[in-house]
2 protein chains.
Amino acid sequence: MCTIPADTAQIIETSLITALEDRGLRKTTARAAVTQRIELAGDAFTAEQLCRELPEVGRATVYRTIRHLVDAGALCKLPILDGAPMYSVARVEHHHHTICSRCGAVGEFRHSTVERVMRSLEKEIDGDIVGHRMEIFITCNQCLAAIAEGESHD
Amino acid sequence: MCTIPADTAQIIETSLITALEDRGLRKTTARAAVTQRIELAGDAFTAEQLCRELPEVGRATVYRTIRHLVDAGALCKLPILDGAPMYSVARVEHHHHTICSRCGAVGEFRHSTVERVMRSLEKEIDGDIVGHRMEIFITCNQCLAAIAEGESHD
DNA sequence: CTTTTAATTGATATTGAGTATCAATAAGGA
DNA sequence: TCCTTATTGATACTCAATATCAATTAAAAG
Ligand SMILES: [Zn+2]
Ligand SMILES: [Zn+2]
Ligand SMILES: [Zn+2]
Ligand SMILES: [Zn+2]
């Protein structure tokens, strides 16, 4: 969750392991393995995916490390309605996500108008606004291309 | 998920059991019990809550009925990041939700500006937009009152 | 470079949400 | 009423995620 921010995007800590150290956590081999894997692959992922890809790291540790990264604000936890949440690296402080309904690819976007509208909703809504979340579901360009391709001879 | 709608709210089927019959499903005692309970209580709920409150209906049936209602568009399924999804009765066709972070109360809102911004984002975003979702997290008036109350002597 | 101390790990057991199975039951049309 | 088919629900199961706790390891201190 996120409070309504000023309109200048703050760039977040680049190295995930550093984000953990900044929180007073020790730099261990397990944590290095997890954070490196996340940084190298780049894509959004689920906890179980990470466990499969890092059999040398215990499942509990993978889950714990992910939780720490989310707490540190270095990872976004995206609710997926039917299934396990996905995680993606946070690059700017407040943003929203695009999710491709077909392949699950996750993108980050930030748009001042959206935030302006949020502020304007304060009047319309009962109670105090403490945060908001928004996801835009898309068919990504890659999937569009694949569809166009397949459509002709599938 | 929802496609970007015209700006006139369509009011949805009032009776949940009718929504099921409209889909060619039989009117059974189990389904009547589930839909009545949902309508009478009014609040958002989780599947497990319903199961507990309706011990005379089998757990599988509760889950199945909820799924039918969601498919029919009569219920919204709200992703809750740490925990089971919540369900709330849909009253107008396209809308978004307010969720009280403290008590979990769910509200529905609809605001033309939000939808207008969504349309304007089509240019900014790679790929085809197929839908969107938005939740505003609040502290509801009831909770604000409770906090003010408690603050003085807790 | 030890020693010491507390954080961390990970195998295992456990919880919890949700689904698959399938024989018994109930709806509703003929 | 009878017949056909949908529905039910007890049970077993899957899958994600967490709790437990003895063994390990990081890093601070000496
Ligand atoms: Zn993000
Ligand atoms: Zn925002
Ligand atoms: Zn709703
Ligand atoms: Zn909308």
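Throughout, a chain's letter reflects where its sequence line sits, starting with A, and its residues are numbered from 1. Hydrogens, waters and symmetry mates are skipped; everything else that's a heavy atom, side chains included, is used.
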Is there a path from Val70(B) to Leu54(B) through hydrophobic residues (I, L, V, M, F, W, Y) whose side chains come within less than 4.5 Å of each other?
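Shared cluster, yes.
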
Short side-chain N/O contact to [N] OP1/OP2 from [X], under 4.0 Å:
X        : N       : result
Arg67(B) : dT19(C) : yes
Thr61(A) : dG10(C) : yes
Tyr63(A) : dT18(D) : no

Under-3.5 Å donor-acceptor pair between Arg64(B) side chain and dG18(C) base:
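No, the side chain and the base share no sub-3.5 Å donor-acceptor pair.
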
Whole-Å gap separating [atom2] ([N]) and [atom1] ([X]):
X        : N       : atom1 : atom2 : answer
His68(A) : dT18(D) : NE2   : P     : 12 Å
Lys27(B) : dT25(C) : NZ    : C1'   : 20 Å
Arg26(A) : dA27(D) : CZ    : P     : 7 Å
Asp82(B) : dA17(C) : CG    : C1'   : 14 Å
Met86(A) : dA17(D) : CE    : C1'   : 17 Å

Residue [X], side-chain heavy atoms: nucleotide from [options] that is nearest:
X        : options                  : answer
Arg59(A) : dT18(D), dT5(D), dA27(D) : dT18(D)
Arg31(A) : dT9(C), dT7(D), dA10(D)  : dT9(C)
Thr28(A) : dA26(D), dT8(D), dG18(C) : dA26(D)
Ala60(B) : dG9(D), dG18(C), dA26(D) : dG9(D)

Answer yes or no: is there a donor N or O on one side and an acceptor on the other, between the side chain of [X] and the main chain of [Y], under 3.5 Å?
X         : Y         : value
Thr61(A)  : Val57(A)  : no
Arg110(B) : His94(B)  : yes
Arg102(A) : Cys140(A) : no
Glu108(A) : Arg91(A)  : yes

Could you say whether Leu25(B) or Ala30(A) is positioned toward the 5' end of DNA chain C, judged by the nucleotide with the nearest heavy atom to each?
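Looking at the nearest nucleotide for each, Ala30(A) comes out on the 5' side.
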
Residue-level proximity of residues 34-56 of chain B to DNA chain D when a heavy atom falls under 4.0 Å
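Going residue by residue through residues 34-56 of chain B, the ones with a heavy atom under 4.0 Å of DNA chain D turn out to be Glu56(B).
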
Work out how much the helix from dC1(C)-dG30(D) to dA30(C)-dT1(D) bends between its end axes, five pairs an end, to the nearest 10 degrees.
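End-to-end axis angle for the helix from dC1(C)-dG30(D) to dA30(C)-dT1(D): 30°, rounded to 10°.
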
For the side-chain contact (heavy atoms from CB on, under 4.5 Å) test, which of Asp126(A), Val130(A), Ile125(A) pairs with Ile138(B)?
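Checked Asp126(A), Val130(A), Ile125(A) against Ile138(B); only one passes side-chain contact (heavy atoms from CB on, under 4.5 Å): Ile125(A).
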
With side-chain contact (heavy atoms from CB on, under 4.5 Å) as the test, pick out the partner of Ile136(B) among Thr98(B), Ile99(B), Val114(B).
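Checked Thr98(B), Ile99(B), Val114(B) against Ile136(B); only one passes side-chain contact (heavy atoms from CB on, under 4.5 Å): Thr98(B).
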
Could you walk me through whether His111(B) and His96(B) pass ring pair (Phe, Tyr, Trp, His ring centres under 6.0 Å), step by step?
CA-CA 9 Å; His111(B) 201 269; His96(B) 299 287; over 10 Å; no

How would you list, by chain and number, every residue that makes a salt bridge (Lys or Arg N to Asp or Glu O under 4.0 Å) with Lys27(B), sequence neighbours excluded?
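Scan of Lys27(B) (salt bridge (Lys or Arg N to Asp or Glu O under 4.0 Å), adjacent residues dropped) gives none.
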
